[in-house]
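Here the structure comes first, spelled out in structure tokens, and everything after it is commentary.
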2 protein chains.
Amino acid sequence: MDLSEAVACCSPLVAEPLSAEHSVELARVFKAMGDPVRLRLLSLIASHAGGEACVCDLTDVFDLTGATISHHLKVLREAGLISGERRGTWVYYRVRPDLLARLSAVLVPGSAIRDAAVAR
Amino acid sequence: MDLSEAVACCSPLVAEPLSAEHSVELARVFKAMGDPVRLRLLSLIASHAGGEACVCDLTDVFDLTGATISHHLKVLREAGLISGERRGTWVYYRVRPDLLARLSAVLVPGSAIRDAAVAR
DNA sequence: TTAGTACTTAGATGGCTGTCAAGCTAGACG
DNA sequence: CGTCTAGCTTGACAGCCATCTAAGTACTAA
């Protein structure tokens, strides 16, 4: 099962018990967000001008080696939370707002209505 | 800094870069949700009749010892996601929807407006 | 009080994970 | 070509974590 797909079809947590399969996929996404460095990376990328950020912009913020930042970006990428693209020398990352919105919807009841409102 | 407090005052991820302090507190909550068993526990409790569930109801669902379930419930409790109360022989847990709503708001832009709408 | 049920805590253990150093690949520029 | 910069991968290691067994606590019932 694809990750974003799994998240997309999950009902709100309060609506019905999560299936074992869905819980595994959902947990993978939350686990990816369960690290301070990765959360900051996510918000740095999301809030950066143009909606994207170069890895060099991100590395300077932390007191960590490039290898570690690269590792965290990979975790976020494999969770479907960000996507990366090489343009010349640099690699740019951007968040995937659709997945964030779906995650957000899973956390609160009545999300279907709210999602429709957001789509408008 | 209190956990729920930290989550409450976090702006949406896309609005501005998360501070190092906020990211640590937020990550603790997401980390608690980053496990399939804990996610299922959360949804079992949230979707249970009356908004609360006894530990014995939860233990039967999984192929795990009571000690392990107890451990996961403790993690969820320390993250501020659930609260437990003993009534007689049994212990009942319920979710704290306020924290879930705030978490949800952190994930999407324009949450302040949407929160106001939800509150009505 | 004794026995029994419902959790919780403590300790142990195997597996996972965040981090770094070192090495590697991809592109830019002579 | 060679060299420089940006980023990724690998391998290693210390610390964390999910799980179990065994023991402890809290309440009920006879």
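For clarity, every value in this text was computed on a predicted model and none was experimentally measured. Chain naming here is simple, since letters A, B, ... match the order of the sequence lines and numbering starts at 1 in each.
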(Q) Ignoring hydrogens, what is the shortest heavy-atom contact between A:C56 and A:W90? Give both atom names and the distance. (A) SG-CD1, 4.0 Å
Q) Which part of the nucleic acid, if any, lies within contact of B:Y93, taking any heavy atom under 4.0 Å across all strands shown: a base, the sugar-phosphate backbone alone, or nothing? A) sugar-phosphate
Q: Quick one: label A:G66 by what it contacts on the DNA or RNA (base, sugar-phosphate, nothing), any heavy atom closer than 4.0 Å.
A: nothing
(Q) Do A:V75 and B:M33 land in one hydrophobic cluster if side-chain heavy atoms of ILVMFWY residues count as linked below 4.5 Å? (A) no
(Q) Which residue in the set A:L76, A:L42, A:L81 passes side-chain contact (heavy atoms from CB on, under 4.5 Å) when paired with A:V95? (A) A:L42
(Q) Can you confirm if the NZ or CZ of A:R87 lies within 45° of the ring axis of A:Y92 and under 6.0 Å from the centre of its six-membered ring? (A) yes
Q: Walking along DNA chain D from 5' to 3', note the first and the last nucleotide with an atom under 4.0 Å from a heavy atom of chain A, and give both.
A: D:dA6 to D:dT9
Q) For nucleotides 12-22 of chain C, read 5' to 3', which letter fits each nucleotide if B means a protein heavy atom sits under 4.0 Å from the base, S means only the sugar-phosphate is that close, and - means neither? A) -----SSBBB-
Q. Do the side chains of B:L73 and B:I82 get nearer than 4.5 Å, heavy atoms only?
A. yes
(Q) What is the separation between atom CH2 on A:W90 and atom P on C:dG27, rounded to the nearest whole Å? (A) 14 Å
Q.
If you compare all heavy atoms of B:A27 against all heavy atoms of A:P36, which two are closest, and at what distance to 0.1 Å?
A. CB-N, 3.4 Å
(Q) Strictly distance-based, threshold 3.5 Å: is any side-chain N or O of B:S43 a donor or acceptor partner for the main-chain N or O of A:L18? (A) yes
Q) Between C:dT9 atom P and B:R86 atom CZ, what is the distance in whole Å? A) 11 Å
Q: Provide the closest heavy-atom pair for A:P12 versus A:V108 in the form atom of the first, atom of the second, distance.
A: CB-O, 3.5 Å
